[in-house]
Structures are given as C-alpha cells and as structure tokens.
Amino acid sequence: MTPTSKLLARFLSVALLLTWFAPLRGQQRPFSGAAEIEQSLHKLNELGTVLMIAAHPDDERTNVLAYFARGRHMRTAYLSLTRGEGGQNLIGSEQGAQLGIIRTQELLDARQIDGAEQFFTRAIDFGFTKTAAETLEKWGHDRILGDVVWVIRNYRPDVIILGFSGTPRDGHGQHQTSAILGKEAFDAAGDPKRFPEQLQYVQPWRARRIVRAPGFGAPPGGGRGGQGGGRGGRGSRGPTEQAPAADQLPPLPKAGVVETGAFNPVLGYSYDELAVLSRSMHHSQGTGAMRRPGGGTSEFELVGGAPASKDLFDEIDTSWNRLPGGAAVAPILAEAIRAYEPTHPEKALPLLARARPLIAAIADPLAKVKLAELDETVALCAGLWAEAQAHQPDSTPGSPLAVTTTVVNRSHAALSFDGAVMEGMWNEALPNPPAKLAYNQPLALEFSKPVPATQPYSQPYWLVKPPSGDVYTVDDQRLVGLPDTPPVARVRLRFSLDGVAIELVRPVHYRYASRAEGERERPLVVAPPVAVNLPESVALFPSAASRKVHVAVQANVAKAAGALRLDAPAGWKVAPQSQPFQVAVVGEQQELSFDVTPPAGESVAPLRAVATIGGREIASGMQRIEYPHIPIQTLFPPSNIKLVRADIKVTAHKIGYIMGAGDGMPDALRQLGLDVTPLTESDLAQGDLSRFDAIVAGVRAYNVRGDLRANQPRLMKYVENGGTYVVQYQSGENPPGGGRGPGGGPAPGAGRGGQQAAQTQQPPPIPPSNIGPYPITIPGSNQWRVTVEDAPVTFTHPDSRLLQYPNHISEKDFQGWVQERGLLFATQWDPKYQTVLASGDPGEKPLEGGELWTHYGKGVYIFTSYSWFRQLPAGVPGAYRIFANLLSAR
Ligand SMILES: [Zn+2]
C-alpha cells in the first residue's frame, strides 16, 4: 500500500469513496444562492440514481444528464470509459495522456453545469478504430468490464443508460465497446461470482433496467428515437457519411420519453440549453454551440431488466420509503422545501437538523451519501463559508507549509464550530477551542508543518505508474473510477446546529487573484526539490555524428545543488557522464548539455536523466498545463528521452511551415537539421516564398486558416516556379461541432436534437479545386482512413521517385508506426496525379488516396494524409525517411 492509499483507507468510508470527492472541486459555480439551495433541498428528498455509459468525453447525452440531475433532482453520473486521449486538441499541442488531463478537467467543468457526477475506467483512448474486436483486444475484455462493474457496484444506479447500441452502426469501435461492456456489466455487477475481489469493498448491485439513449446510428434528419422534433440533424451528408450498411438495429420496446426541452424556471434554462452550455466547456474539442429555445424530447428503448411503459423510473421507488427507517424522513424534508424562503434560507435549518439523526441511523450506503448532501445543504442555507487555503500553490517533501482554515457564518443561524482535523498527508487536530460562530465574523485557524519527507509527488493517480498497453496501471482498487486525484490534504470541519453535529470536508487548495482572469483556484501540489526537464522527447541522429542533448534542472527549493547524470543505453556514449548543478532561486533553472554519440548502426533506445540531490535520486520532470478555462494541472513525467539512430537523407534545407490546427511537425523536422520557418499571414500574402526549398501545410491548415485559402494562387505560383509543396491531411467537411480531427469518432451530436446548434462559425467546405493544382476531393468521413497502425502498405508505383530518392523506401519503413496509418484519404482526384501507396484496414479494400503527387510547372505538389504529425514527433525512423523524400521531391 502506498502512503496515499493508506490515508485513503483510514479516512474514507468505502461506500462514499466514489462520491466524496465530487463536491471538493469548486472552480466556478454556475448556480449559486437560491437556485443552488432549491436544487439541493429537492435533491435531498429524491433517492433515484441514474448512470449513463459511453466511451469518450463528449459522447454523453448532456441534455439527458441535465434533465435527470437538474430537473428530476436525481443522482446522475456519466461513466466515460476513456479520458479521450486519442482525440484532437484545438487549443494546444498536448496529445495523449496530457490531452486526457485537459479533457478530464473540461468534463468536470461540464458536469458543474449539468449537475451530474463523472467517472472513468482505466481504458485509454488509443484513437479511432472501426471495430469492437480491436478495442477489446487492446483493452482486455475483463479488465475494463471489471471497472464498469466496479463503478456500478459503487454508484448503485437504478437505471443504466447506454449511449450506443453495441453494433457497427455506432461507428467508432470504442463506442460499440461501451455498449457491449455496459450490457454485460448490468448482469455481472449483480452476480457475486463475478469479480469477487471487489466484494471486500462493495456489495453486488443489480440495476432495475438498462436502456439505450436515442440518437446513435440515426439517419440524417433524425428518424428514430425522438430527435427533439428532428432538429439538430446535420443537413446533408455525403454518400460516404452514412453509417456502415450493417444490420438494422433490432426493434426494442420503448422505455419512456423525457422532455429535455422543458424550461426550468428556477435555473432559467431548459435542459437542452444547459446541455449546450455544458458541451461548450469542451474547448479542446471545438464543441462550442449556441442555445435554442423550444421543445425537445428524448425517448429511450429497453435493452434489459424490467419493462417500463411511461417513464425510465416506472415501478422504481425513488422516495425515502425505499430505505428501512426512511419513511419518517420524507415528510420532514418536504416540510423543509415548503419552509424555504429565498431571502431567509436559514428557516429550513431546524427541519434539516431534525432529519439528520434519522438519516444517520440508516445503515444503507445511499443514506451515507444523503447525509453528506444534507450537511452541504445546511452550509448553503446558513451561508456558511468554509475553506482551507494553502499559503503557496506547491511545496516539496520536508519543506514547511502553512494553511489557513477559515469559517464564516453569514447568517443568524445558531451554529457553533466544534473543531477541525487536517487529513491526508497530515493527520492532526487543528488547535482551536469550540466557539459560537457570530454573524459574519471570520474564524481563522492557522496550521503550519513540514510536508512529510516520504510524501509522494503529486501526480494524476492514473499516471503514477506506466500504463500496461492501452490501460492505465492503478494499484489501489479504490481509486479506480475516480474522475480526479484526491487532494494531498483536506480539512474535516465539525459544526453543530441545534445540538445536531454536521461535518464538512474541504480540500486544501490555493485560491488566488489573476489580474487578467479574476479569481482562480488550483490544487495544492507536492513537487520534488528539483525537476529534470528534457526539452525534447525524441533525439534523432540522422547520421553517426554526435550531437548535444540538453537538460534543464529547475529548482523547487532554494539553493538546490547536486549532480546530474545521463544513463545511456548500451552502444551509446555520453560525455561528460555527470555534471554538477547549483540553482539559487526557486523557479530558476540551469541548462546542462551533454555530447551523445550514437552507435554506427540503427538503434532506438531510451536515455534517462537523473538528478542526485541530498542523497535522493530524481528522474522526473515537471510540466504545467495552463489554460484559462481549467485549474492549472501539474504532472511529473519521467525524465526520459527516446534516442533514435537512423540513416535519413534530405536534400531540402529551408522549409516554410503553415501551421494549421496544431501539430508537433516543425520541431520534429528541426531534428533533421532543417531550417524551419513558420509562415504567418503576411508571409503567405506578400512574403518571398521562393526562398524555401519546400513548404508544408500543417494538419487542417485549410480548415482553420482563411489566409491559406486566400493565398492558394500564390502557393501554386510557388510550385510552378520550382517549389515543392506538401499538404498534410485536411477535413473536406466542417461538421457541426467543429469537426473531428485525429482519432475522433463521428461527431457524436450529429443528428441529435438539443445537443448541437445548427450554426457554428466555420469556413465552408474546401472546394476540390482549392487545395492543389488539379482537383482533389477530400472527405469529412471517418470511413476514409486506415486506423490499424500496422495495416499492410503496398507500393502502387514502386519506382516512384518518392520511394527512391534520397532514401530507398522499403516495407521496413512502415514498421513501428503509432496509433494509425492515416486519415481522410482523398476519395477522387484528377488523373494528372500519381498515387504512391495503398493501404487498408483488415478486411477492407486498400485505399490509394493517402498520397498523391504531380509535377506542376517546374515544381512538385504532394497531398499526403498519412499521419506524419503522429509518427515524426514519436520518432518513427521509417516515417522520417519517407517524409524526407517528400521534402526532397523534384
Ligand atoms: Zn466518442
């Protein structure tokens, strides 16, 4: 057991494990005051629970979540199998696990609006796949089924809503898998013989019914499944945009309709409107949309369990009567709702105090959840401020840290403060005598202690250990499912109200004022004394010559001094082996350079940088993910660099790069020793393009840069005069919701009422004639892609210069690729283009539209939608060689 998990074991009641954390995140509160209190009071008297299951952040039917959480006041949660690591990133260069961190935070922001809770499994989104078979092979059927069962046994839903059908009509293989596993888990969770190792923490649980949400596999315009009046269809789809011509879905019994377009006068929005606000939190995915008033409905279909004729909760008792001893609670809480006055919420307090001991006496796990809800409602009604504020955003093991805990009773309610305990990395009572809380008088409790020397560094819990294939490694079962990492420290505060004890838990956080953005908060972080940062993740050696590898040692403590060494793999040489470092001021860094000499032959191997300070070895860097819309995230990635020794020749030297939606290609090309210049709007409009040996258009550059489209004639002139122009993948269609980039599935809101606005501000689709010298048709569909990264590739013209000069390309150059071969291959092209490669997913016809080229005037034009933007930054030697040939084409 790690120290973190021991602390968890000590302080967390198992039944509360999945829910205790949810209220601890208080970034912005979309609803507060009367609206929030009204919601909380109603929620106390409602005991229904609903869980939605799908594959990715943004697959969820947000309007359905908002309807149940905000309209029916039920416990409502979304289980996303993955954190969306394989998706696109429209706001920055983070990919993979780091993108997963951003999307996790965006999803938590979305949940604050729609009122639902959030869970995940350990599965990693490895990018777009067409089949459930590939998905299950990569994830391991039982591993992820076990996680879904675990979440069901913890959350104990009455109704499970599947976001997909489990058939090829869902498109993305991960979508199919979410429904397949959801259906299996519905049965397995109630069977004590399945995953018995979980039963030391949880009981088997069988939901009453499992249903399918509307809106998947629907024909354009919204046919089946209550599309909110057929609105939200994406209009016309190209012929390639149809769902696979698979089986019709078997007709299923109807299981109730809900009115997601209904207006909630307390909140001032309909649930469809809330869904739009919630989805617009996914900044990295470009799902921003706009609200529309008016009616919308969602109709469900029964997949398993008890039939339902009118409503998803038919025949399910969602009142307090469902719990032994609960019957006496409901009338008191109903009275509290009646007694509630927006200007005097404290009038509800005596009734809440009467209900509390009755709830506390009930042994059911649901009663424990309700007890925590009741205590938070008391705090809301009393205007009770409770906060644990660290004096700095981060600290290091052994360094002192001060925390001020503040409570303020902002009502005239007779509340007294009974004491507080600091938990997590410390465990001790805060020294303070019990006190009556006078009206609006802050009571501050000071705490100062060193961070324990053995305290592990803060790290997203799913990234503490390296993943096993496409599944995160999480040793402590009780962390599985949690949306975010428990705070390193928290304060448990006890109050009494009319002689009845209540308890609130607050994370120790860091709240601060940003001059530009106003009030922000971020989690308290424990960092190593120094961070060993490698500016590159790959070091390429295109010849046997040695080159420098740079390492920056950044201090998190004052006067950090020690030694830094590089652990080189066999056959590689490092000089010097070790160097001293000394950094005086916290936050400053010292850059150290080492000469690294590769072996003569080809080799790919990891190099590790290790700092030794105070007898302690540190082999991790420190990375902050900072965006205005999410709390700052800190992680400590391993200080490893991938060394790649491969013979790569390139005849071009000066490269112009037209950055599109964002990719890591410019740095990857610099690894070849190329002089790469990003091209600005004015460069394209009036710069001298002839100084470049080759110009490269970044991924989706034609989709996001109007200036590129506008200056297409200048680029064609550049080619005509002898330049080489390489265009990477572009999307031929701009679907609602901003379109999907690498690894995305079909736009999940497509054809779904209430989730997407019809109008988004996007440039019109790229005309076939607007991208190359002769027409090329690019699809917007996911069908025109090769998703299996080791799918066979053949040469349609083996003697093509692109395969021969200056590097001779062979089958071997297609080994070791990552995530996929390519996407959005051209569907039609002018006969003046020549093809080079053909590739297709297993069982499908090979596609030839992934690389097209032609001479035009004195120059060369190349369209290539193989995923170079993934392969080159990952240091795939063969991909480097092939791309070097494209740049060198004459
Ligand atoms: Zn999805």
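Numbering of ligands and ligand atoms starts at 1, following listing order.
Under a 4.0 Å N-O distance rule, the pair Arg785/Glu820 qualifies as a salt bridge.
Looking at residues two or more places apart in sequence or on another chain, you find a side-chain contact (heavy atoms from CB on, under 4.5 Å) between Glu844 and Lys130, Asp841. Partners of Arg72 by salt bridge (Lys or Arg N to Asp or Glu O under 4.0 Å), not counting sequence neighbours, listed by chain and number: Asp311.
Sorting the N, O or S atoms of Asp59 by how far they are from the Zn ion (ligand 1) puts OD1 first. Within His56, the N, O or S atom at minimum distance from the Zn ion (ligand 1) carries the name ND1.
Distances from the Zn ion (ligand 1) show that His172 has no N/O/S atom below 2.8 Å. In summary, Asp58 places no N/O/S atom under 2.8 Å from the Zn ion (ligand 1), failing the contact criterion.
A donor-acceptor contact closer than 3.5 angstrom is absent between the side chains of Asp125 and Thr82.
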